[in-house]
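Below, each value reflects all heavy atoms present in this structure, side chains not excepted, and no hydrogens, waters or symmetry copies. Quick caveat: nothing in here was measured; it's all calculated off a predicted structure.
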Amino acid sequence: MEIKMDKNGTDLTVVLSGRLDTMTSPQLEEELTKELDGVTNLTFDFKDLEYISSAGLRVLLSTQKHMMKVGEMKVINVNDTIMEIFNVTGFSDIMNVSA
């Protein structure tokens, strides 16, 4: 998985490509921990994300819980496969998710 982060003041955009799974989730969690201080608007761009596992969903959920206290989080450019996972798990009901 490749992680690209673009921070502009209190806005952070995280572009993920590849697979967010058991092997790569700790890397994302570590990067987010370093960058989230002072962020009030977090956007995940999934345009190049091919797969997300339960470990990846856990990172998103913990990040969502944090962002609810300090601002907002959204997930954009979600492909059909990952959107189906979000729908089945209920994540599409608790997160701001768009295709």
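Taking a 6.0 Å sphere around CE of M68, one finds it holds 12 or fewer heavy atoms contributed by other residues, nucleotides or ligands. Other residues, nucleotides and ligands place no more than 12 heavy atoms under 6.0 Å from the CD atom of E84.
Using a 4.5 Å cut-off on side-chain heavy atoms (C-beta onward), N41 and T10 make no contact. Looking at I76 and T43, their side chains come closer than 4.5 Å, going by heavy atoms from C-beta outward. With contacts defined as side-chain heavy-atom distances shorter than 4.5 Å, the pair I82/F46 qualifies. Side-chain atoms of M1 and I3, non-hydrogen and from C-beta on, do get closer than 4.5 Å to each other.
Here the rule is side-chain contact (heavy atoms from CB on, under 4.5 Å) with S25, and of L20, L57, L60, I52 only L20 fits it.
Within the model, atoms CG of L12 and CE of M5 stand 6.0 Å from one another, a figure rounded to the nearest 0.5 Å. Here D21 contributes atom CG and L28 contributes atom CG; the two are 11.0 Å apart, rounded to the nearest 0.5 Å. To the nearest 0.5 Å, atoms CE (M95) and OG1 (T89) are separated by 8.5 Å.
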Q) salt bridge (charged side-chain N to carboxylate O under 4.0 Å, His left out) between K4 and E2: does it pass, once the steps are laid out? A) CA-CA 7 Å; K4 293 180 184 172; E2 185 177 342; 3.8 Å; yes
Q: Walk me through it: do V97 and K74 pass the test side-chain contact (heavy atoms from CB on, under 4.5 Å)?
A: CA-CA 6 Å; V97 179; K74 62 185 173 184; over 6 Å; no
Q: Please step through side-chain contact (heavy atoms from CB on, under 4.5 Å) for the pair E30 and L32, ending with a clear verdict.
A: CA-CA 5 Å; E30 182 180 326; L32 286 171; over 6 Å; no
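Residues L61 and L36 fall within the same hydrophobic cluster, defined by Ile, Leu, Val, Met, Phe, Trp and Tyr side chains chained together at heavy-atom separations under 4.5 Å. L42 is connected to I94 through a chain of hydrophobic side-chain contacts under 4.5 Å among Ile, Leu, Val, Met, Phe, Trp and Tyr, so both are in one cluster. In the hydrophobic clustering of ILVMFWY residues, with side-chain heavy atoms under 4.5 Å counting as a link, Y51 and V75 come out apart.
Between S53 and T22, the closest heavy-atom pair is OG-N, 3.6 Å. When every heavy atom of E29 is checked against every heavy atom of S62, the shortest pair comes out as OE2-OG, 4.2 Å. Nearest heavy-atom pair, M67 versus V39, reported as atom, atom and distance to 0.1 Å: CE-O, 3.7 Å. Contact between T63 and M73 at its shortest, heavy atoms only, is CG2-SD, 3.8 Å.
Classified by interplanar angle (parallel below 30°, tilted 30° to 60°, perpendicular above 60°), the ring pair F86/F91 is parallel.
Inspection of the D6 and T13 side chains reveals no N or O donor paired with an N or O acceptor under 3.5 Å.
With D48 contributing its side chain and G18 its backbone, the two residues share no donor-acceptor pair below 3.5 Å.
Remark: K47 pairs with no residue by the salt bridge (Lys or Arg N to Asp or Glu O under 4.0 Å) rule, at least two apart or across chains.
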